[in-house]
K.L.:
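Sharing a structure here in structure tokens format.
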Amino acid sequence: MKTKQKTINSVETIRKQVLAFLCGMCVLSVINFINDGFIWKALLPAVSIAATLLVIRPHWLNWIVSCLNAIHTIFRVIYMVSVFYVVITPLSFIYKPFIMAKMRIRPSYKKKSYWCHVENTERNSCNYDKQY
Amino acid sequence: MTNKNYILGISAFYHDSAAALICDGQVLAAAQEERFSRIKNDSTFPKEAIKWILDSNHLSMKDINAVVFYEKPFLKFERILSTCIRLAPLGYKLFKESMPLWIKDKIFLKKNIADELISLSGGDSWNNKVLFSEHHLSHAAAAFYMSPFQSAAILTIDGVGEWATTTISIGIDNKITKFEEINFPHSFGLLYSAITAFLGFKVNSGEYKVMGLAPYGKPIYYGIIKKHLIDIKDDGSFCLNMKYFRFATEIKMFSSAFEKIFNCQARQPESPMEQCHLDLAASLQKVSDEVFILLGKYIKEKTQLDHLCLGGGVALNCASAGALQRENIFDRIWIQPSAGDAGSSLGAALSYYFGECKNERTKFQEVMPFYGPKYNDSDILRTLTECNAAYEYIEETGLLKKTAYELSKGKIVAWMQGQAEFSPRALGHRSILADPRISDLKKTLNLKIKFRESFRPFAPAVLAEEAHNWFEMDYPSPLMNFVCKAKQGVNNLIPSVIHEDETARVQTVAQDTNRLFHQLLSEFHNLTACPILVNTSFNIRGEPMVLSPKDAFNCLMNTGIDILVIGNFYIEREKQGNALFEVKNFELD
């Protein structure tokens, strides 16, 4: 029980020290930004403030991760939909006639056979070094 | 580094991953990853299987001359992309599911395989020679090069590989020449899988259940299947009507139109089976038999060869294989016992060794597929001691007599001997055995031992020299690949191994290829005048076949099996008062 309490106390001490350091960083970086005024230097205070907030409110990290995940999912869906409907579908209009011959999707009752004859020696040989 | 030519074949990343090692054209070892990982149809990289293969042959990755993967990933990618383009604007679902997987992972397959193999060699470099065979060539090679024929026609028929779904080739000596093929999406395997899914079973694993279900129904949908779903020509070639299928555009097998034409609702997994489901299975089997026979006739006409080799997952349909055999089109048909994708690991290695390296074939004899791990007495003893098991060690003659006697008294015996089978079928090395004369045995075995559906049939293992007295067969079937009719009057004598339509999937057991199992059958024959035993795979539902003594002991303790025989160790379940074992619940498959 004592050991457990001791561990909790030491974690709390470290947390306070990190917090003090981050607060110091926030103040210094904000002063630095105001003095120099360069936009990129806003990054340091932003990171410092964010880190400080995360130390004070660690559970915010979960919300941030959830938000990022949601944004990622939205972008992924947009990306997949756009690749499919903006790239693949128009491509299909160009390539469909070529692929249609290769890829029939309805039976043809006039045809006598559906066998594809493999007479081409290149097609018939297997180049083991290649993945195609 | 040795002077021998070691080639490692791998199949993985779809279903049933496996690895096989050949040395100078001879198979040294082969195993499915599922047996080690205990995950049925495991598709992950076969790390444990390769580890065992290397260890058991005292090799490291440095000794391996080439690693051959069973298919060509870029061709498969091309097929998926072409399908998306062909069927756009449909097919978004397939695109969404498959593209990220391909772009992130599968397209870098060569590197991924090399990385896995480097990690297996402990970070040491090896020659990094990863090669790629074609999917159907791997199937054809596994069928032809393992067959006892110097020349044969080869038919491969499965779901899909790269593009091909069905191929016809000719094999002469060390050369395989493909001359005709049917391409995706027209696949008999995928038609079978679509109906498997419709009947509430898992695709790529439940197809054999549909085959077992067929004799319970009437083929009333035969005409509808042929009219709407598949157009079959006289030469056995076929074309699916994609209006009724969704596998080309979604991760789904059949469309809603399916239900309408059969006037039957898709069965939910584990829900009760209706008559229409049984009839559909029967109808599909009739179509399958027809396709096999038409293909056989066409191949014979084209090749004029006397022998036929069959490969690919559909070749495991032993009812159709039996129908083809009965037509006597070929003098002999040989089916690769591991005809599915797992066996392609063997085919990939063999196709490279014989086809590409042009090495001569010297042996033309049938070999039983006992390529898996074997456990010696000390391994078994260690396991039994760890499990605190009560056992007897009995010398061979006494063991055979005692086991046969207990079988004749109605006991159910788990029989684990020698190297494990490299096949989905238990051939007497990892088997559950029982007396076929008991009438309600089928129910007991299905519900209390295997925990599986009550309709599932059991196969007979019969002394090869006695087979013709009990079954209508004039050819050997050591690999349990053919269904044949039982002789008249036999049904009443061995009711538990005769199916509804009076057929059985027979394994003929010969002294020279399966010695110990043959002797056990002989002992049983001497005692009972019945040369037949029920032979079913040693596993429970949802689990792969047992591999190690520990798997076997756990299976004994979790089921209603009475006796376990591992090597010379005789273990009775009733006597295991203080045994330690893993309590397991069966999983649905």
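Model, not experiment: these values are computed from the prediction. So you know, we letter chains A, B, ... as the sequences are listed, proteins then strands, and number each from 1.
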K.L.:
Phe69(B), Phe238(B), Phe132(B): which one forms the most heavy-atom pairs within less than 4.5 Å of chain A?
P.N.:
Phe132(B)

K.L.:
Between chain A and each of Ile168(B), Leu109(B), Ile230(B), count heavy-atom pairs under 4.5 Å; write down the option with the most.
P.N.:
Ile168(B)

K.L.:
Hey, which of Leu81(B), Thr83(B), Thr167(B), Ile232(B) has the most heavy atom pairs under 4.5 Å with chain A?
P.N.:
Thr83(B)

K.L.:
Using non-hydrogen atoms only, which part of Phe184(B) is less than 4.5 Å away from chain A: side chain, backbone, both, or neither?
P.N.:
both

K.L.:
According to the interplanar angle, ranging from 0 to 90°, do the rings of Trp60(A) and Trp63(A) count as parallel (below 30°), tilted (30 to 60°) or perpendicular (above 60°)?
P.N.:
parallel

K.L.:
Starting from the C-alpha separation in whole Å, work towards a yes-or-no answer on side chain to side chain contact (heavy atoms under 4.5 Å, CB included) for Ile64(B) and Leu117(B).
P.N.:
CA-CA 11 Å; Ile64(B) 305 296; Leu117(B) 293 172; over 6 Å; no

K.L.:
Pairing donors with acceptors under 3.5 angstrom, does anything connect the side chains of Trp163(B) and Glu181(B)?
P.N.:
no

K.L.:
Name the option with the most non-hydrogen atom pairs under 4.5 Å to chain A; the candidates are Gly355(B), Ser351(B), Ser169(B).
P.N.:
Ser351(B)

K.L.:
Which atoms of Val81(A) come close to chain B, meaning under 4.5 Å heavy atom to heavy atom: side chain ones, backbone ones, both, or neither?
P.N.:
both

K.L.:
Given the rule in the side chain to side chain donor-acceptor pair (under 3.5 Å) test, do His186(B) and Tyr114(A) qualify, once you have shown the distances and angles that lead to the verdict?
P.N.:
CA-CA 9 Å; His186(B) 308 295; Tyr114(A) 293 112; over 6 Å; no

K.L.:
Any salt bridge linking Lys233(B) with Asp231(B)? Criterion: basic side-chain nitrogen under 4.0 Å from a carboxylate oxygen.
P.N.:
yes

K.L.:
Who wins among Pro100(B), Ala248(B), Ala88(B) for the most heavy-atom pairs under 4.5 Å with chain A?
P.N.:
Ala88(B)

K.L.:
Most heavy-atom pairs under 4.5 angstrom with chain A, which of Gly91(B), Ala66(B), Pro89(B), Cys84(B)?
P.N.:
Pro89(B)

K.L.:
Only pairs of heavy atoms separated by less than 4.5 Å count here; which of Ser108(A), Ser92(A), Pro107(A) has the most with chain B?
P.N.:
Pro107(A)

K.L.:
Is there a side-chain contact between Phe77(B) and Lys106(B) (heavy atoms, below 4.5 Å)?
P.N.:
no

K.L.:
Report the relative orientation of the aromatic rings in Phe254(B) and Phe258(B); use parallel for angles under 30°, tilted for 30 to 60°, perpendicular for over 60°.
P.N.:
tilted

K.L.:
Name the orientation class of the two ring planes belonging to Tyr132(A) and Phe74(B) (parallel below 30°, tilted from 30 to 60°, perpendicular beyond 60°).
P.N.:
parallel

K.L.:
Between Leu94(B) and chain A, which part of the residue has a heavy atom less than 4.5 Å away: side chain, backbone, both or neither?
P.N.:
neither

K.L.:
Which bit of Leu240(B) is near chain A, if near means a heavy-atom gap under 4.5 Å: side chain, backbone, both or neither?
P.N.:
backbone

K.L.:
Side chain from CB out, backbone as N, CA, C, O: work out which of these in Tyr85(A) comes under 4.5 Å of a heavy atom of chain B, or both, or neither.
P.N.:
side chain

